[in-house]
Amino acid sequence: MNLFADIRALVINSLEAMVAEGALPAGLEMAQVAVEPPRDAAHGDMATNAAMVLAKPSGMKPRDIAIALAAHLLADPRIESADVAGPGFLNLRLMPEVWTGVVTAILGDPDYGRSDMGAGRRVLVEYVSANPTGPLHVGHTRGAVFGDALASLLDYAGWDVTREYYINDGGAQVDVLARSVYLRYLEAHDLSVDWPEGTYPGDYLIEVGEALKAKVGDAYVDKDEQVWLQDVREFSTDAMMGLIRADLARLGVVMDSFYSEKSLYGTGLIEASIDDLRSKGLIYEGTLEPPKGKLPDDWEAREQTLFRSTAHGDDVDRPVQKHDGSWTYFAPDIAYHFDKIQRGFDELIDVLGADHGGYVKRMKAAVAALSDGRVSLDVKLTQLVKLYQNGEPFKMSKRAGTFVTLADVVEEVGADVTRFTMLTRKNDAPLDFDFSKVVEQSKDNAVFYVQYASARIHSVLRKAADQGVDLTGAPVISDASEFAVARKLAEWPRLVEIAARNNEPHRIAFYLYELASDFHALWNRGSEQHGVRFLQDGDPEATRGKIALPRAVFVVISAGLGILGVTPVEEMR
RNA sequence: GCUCGCAUAGCUCAGCUGGAUAGAGUGUCGCCCUCCGAAGGCGAAGGUCCCAGGUUCGAAUCCUGGUGCGAGCACCA
């Protein structure tokens with residue numbers, strides 16, 4: 001059930017009835033008619049802009065439309081009052097039974113809030129996709145949490161979701177990794193080595209070097225690179241992906257698939273994707289203009305194979321082949337997205353770090369060209385995470401190879417706290433992550449505040465059960481603070497759709513905070529008004545009616561936290 | 001120089017498809033525990049929604065032009 005959708009349908013039906021009886025002209029576009037929660041609760045339960053939206057196309061005054069519409073709406077048993085206000089808003093107040101009905105509906109439907117908005121369309125969410133050269137760090141963590149929650153959100157809203165990790169195992173950085181592991185391998189043989197610029201001296205490679213020794217013995221000692229590079233490269237990337245999978249597991253992130261860049265080579269897929277573009281007249285040999293502003297010292301005009309990305313909104317055309325004929329990094333990316341399209345996805349979402357912002361236009365151009373505009377690509381950029389400890393910037397060691405890892409963060413504060421906290425900011429806003437703050441038990445900390453509501457609900461239900469109360473009763477609500485909670489619960493399905501439409505899972509986190517706030521207010525109301533307390537001493541039947549509402553709150557908190565990948569707690573520790 | 005993102009209360013941030021008197025936390029100042037978990041609640045004060053134009057019944061939101069901050073700008077990924 002979606003109360004806002006139901007009432008909107010009622011408004012539309014009423015408007016159509018007005019058309020039928022000649023009170024409104026035929027052929028009006030109703031898409032802009034909205035039914036929303038009013039900003040100010042004093043205005044009522046819901047408001048519609050129908051009269052204002054239709055005033056111009058119908059050539060009528062907003063108030064006249066609103067008054068006529070109000071008369072129709074009042075005939076519905078759910079509508080208690082309909083008042084014209086402001087420039088032509090129609091403020092609706094719903095009958096108390098409607099809110100009781102919302103609570104009843106939630107208790108009868110564990111999937112309350114799920115939507116079919118996605119209509120089963122297939123969406124691929126690509127996220128993390130960190131280079132397989134080391135463990136995941138904080139920046140990756142945000143991308144992992146965001147992408148995972150977004151994927152869950154879209155699933156909840158009716159999309160057919162695939163979660164995928166693109167392994168950049170085809171480029172030069174993997175050679176660097178292999179050489180670094182080789183040096184650790186030599187060290188494992190007690191040989192002393194130099195660490196040249198541009199290698200990865202991280203401690204996490206020590207055991208990889210030792211593992212390599214265990215596998216091949218001294219077969220690669222004092223041998224030319226061409227002997228061992230290919231094998232060590234494969235061995236190392238496998239080891240790194242093992243680390244990364246373990247990191248993802250710590251966070252509770254489970255991918256549906258890992259897609260290897262290397263697997264693109266030798267299959268003809270790169271060639272096929274470029275040929276596809278060529279057949280559309282979008283590939284040509286040419287020379288790029290030098291970049292404006294500061295000119296690189298070694299810049300010189302070179303003829304390259306270029307993709308005419310400007311035909312699809314990019315600023316300049318992009319090279320897909322270097323001057324020497326080898327592919328640029330962009331070519332396998334085109335091929336990878338070509339493959340996504342061929343696998344039949346209707347929508348693509350790439351979650352990238354903000355430092356990849358310059359890459360967005362060309363990739364959108366490629367997807368638009370390859371799919372002839374049929375497949376959409378939305379690129380979500382996650383901004384930096386700044387670490388703090390007690391309000392002070394958290395000092396990271398500058399020593400090469402050491403940084404704050406995902407594992408460090410999760411070990412320090414836990415996966416639930418990490419996930420929720422990283423979703424309390426919009427993806428494109430920088431995030432301050434204070435190790436002390438995020439585990440603090442105060443309402444300043446959204447994770448705690450929401451979990452506290454969950455714990456209180458369980459506390460009440462435990463006590464009720466101890467008193468022998470049947471926990472399955474129908475709701476009995478009457479106080480304003482109870483209706484406030486019910487109204488907030490009614491917004492849940494609508495909120496899910498808004499969040500999904502915008503690909504913005506942070507809205508779920510903010511909603512849960514608001515719901516928790518209304519719940520805590522209700523809780524305290526019980527201090528003054530014993531009649532609204534959940535536990536009605538010596539009256540099991542009354543308690544039964546009162547605990548229905550917190551049970552419904554928990555259904556929604558549980559669903560919301562589920563989307564964020566956070567487990568609701570039953571008690572605070 | 002160009003592109004993208006951001007700019008909202010002292011501070012940290014929300015703000016839906018354009019909607020009414022722009023919200024929350026924090027901080028400041030008042031209240032509220034004989035009572036289900038006070039780890040909480042209620043209230044007060046606090047605003048040039050960066051600036052200037054434009055679109056329209058209506059703009060924090062959309063458009064144009066500025067300002068400031070961040071990120072990125074051929075042959076690396």
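Both backbone and side-chain heavy atoms feed into the values below; hydrogens, waters and symmetry mates do not. Since we're looking at a predicted model, the values are computed, not measured. In what follows, every chain begins at residue 1, and chains take the letters A, B, ... in the order their sequences are listed.
Listed nucleotides B:rA14, B:rG19, B:rC75 differ in distance to A:Phe89; the shortest reach to its side chain belongs to B:rG19. Of the candidate nucleotides B:rU3, B:rC16, B:rC13, B:rC16 has the atom nearest to the side chain of A:Glu36.
In this structure, A:Arg233 pairs ionically with A:Asp175, as a charged nitrogen and a carboxylate oxygen lie closer than 4.0 Å. With respect to A:Asp333 and A:Arg318, no salt bridge is recorded, no charged nitrogen being found less than 4.0 Å from a carboxylate O.
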Table of protein N/O atoms under 3.5 Å from nucleotides 56-65 of chain B N/O atoms:
residue : atom : partner : partner atom : Å
B:rC57  : OP1  : A:Lys56 : NZ           : 3.0

Anything under 3.5 Å between a protein N or O and an N or O of nucleotides 40-46 of chain B, put it in a table, one pair a line.
residue : atom : partner  : partner atom : Å
B:rG40  : OP1  : A:Lys443 : N            : 2.6
B:rG40  : O2'  : A:Arg456 : NH1          : 3.3
B:rG40  : O2'  : A:Asn524 : OD1          : 3.1
B:rG40  : N2   : A:Asn524 : ND2          : 2.6
B:rG40  : N3   : A:Asn524 : ND2          : 3.3
B:rG41  : OP1  : A:Tyr449 : OH           : 2.4
B:rG41  : OP2  : A:Lys443 : NZ           : 3.1
B:rG41  : O4'  : A:Asn524 : OD1          : 3.4
B:rG41  : O4'  : A:Asn524 : ND2          : 3.2

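For the pair A:Asp324 and A:His506, nearest-nucleotide mapping onto RNA chain B gives the more 5' position to A:His506. Sequence order on RNA chain B of the closest nucleotides to A:Gln32 and A:Ala172 puts A:Gln32 first from the 5' end.
Aromatic stacking of A:His43 on B:rA20: satisfied, with centres closer than 5.5 Å and planes within an angle under 30 degrees.
Within 4.0 Å of A:Glu571, counting heavy atoms only, lies at least one base atom of the nucleic acid. Within 4.0 Å (heavy atoms only), A:Asp333 reaches no atom of the nucleic acid at all. Residue A:Tyr359 is classed as having no contact, given no heavy-atom separation below 4.0 Å to the nucleic acid. Among the heavy atoms of the strands lying under 4.0 Å from A:Asn168 are primed sugar atoms or P, OP1, OP2 only; no base atom is included.
Taking the side-chain hydrogen bond (donor to acceptor under 3.5 Å, both in side chains) definition, one finds that A:Lys426 meets it with nothing, sequence neighbours left out. Judged as a side-chain contact (heavy atoms from CB on, under 4.5 Å), and not counting sequence neighbours, the contacts of A:Asn502 are A:Ile498, A:Glu504, A:Arg507. Every residue two or more places apart in sequence or in another chain that forms a side-chain contact (heavy atoms from CB on, under 4.5 Å) with A:Glu497 is listed here: A:Asn2, A:Ser115, A:Met117. For A:Lys546, the side-chain hydrogen bond (donor to acceptor under 3.5 Å, both in side chains) test picks out A:Glu482, with sequence neighbours left out. Partners of A:Glu528 under the side-chain hydrogen bond (donor to acceptor under 3.5 Å, both in side chains) rule, at least two apart in sequence or in another chain, are A:Arg525. By the side-chain contact (heavy atoms from CB on, under 4.5 Å) test, A:Ala368 pairs with A:His312, sequence neighbours left out. Taking A:Ser58 as the reference, A:Leu24, A:Pro25, A:Leu28, A:Met60, A:Ile65 meet the side-chain contact (heavy atoms from CB on, under 4.5 Å) condition, with sequence neighbours excluded.
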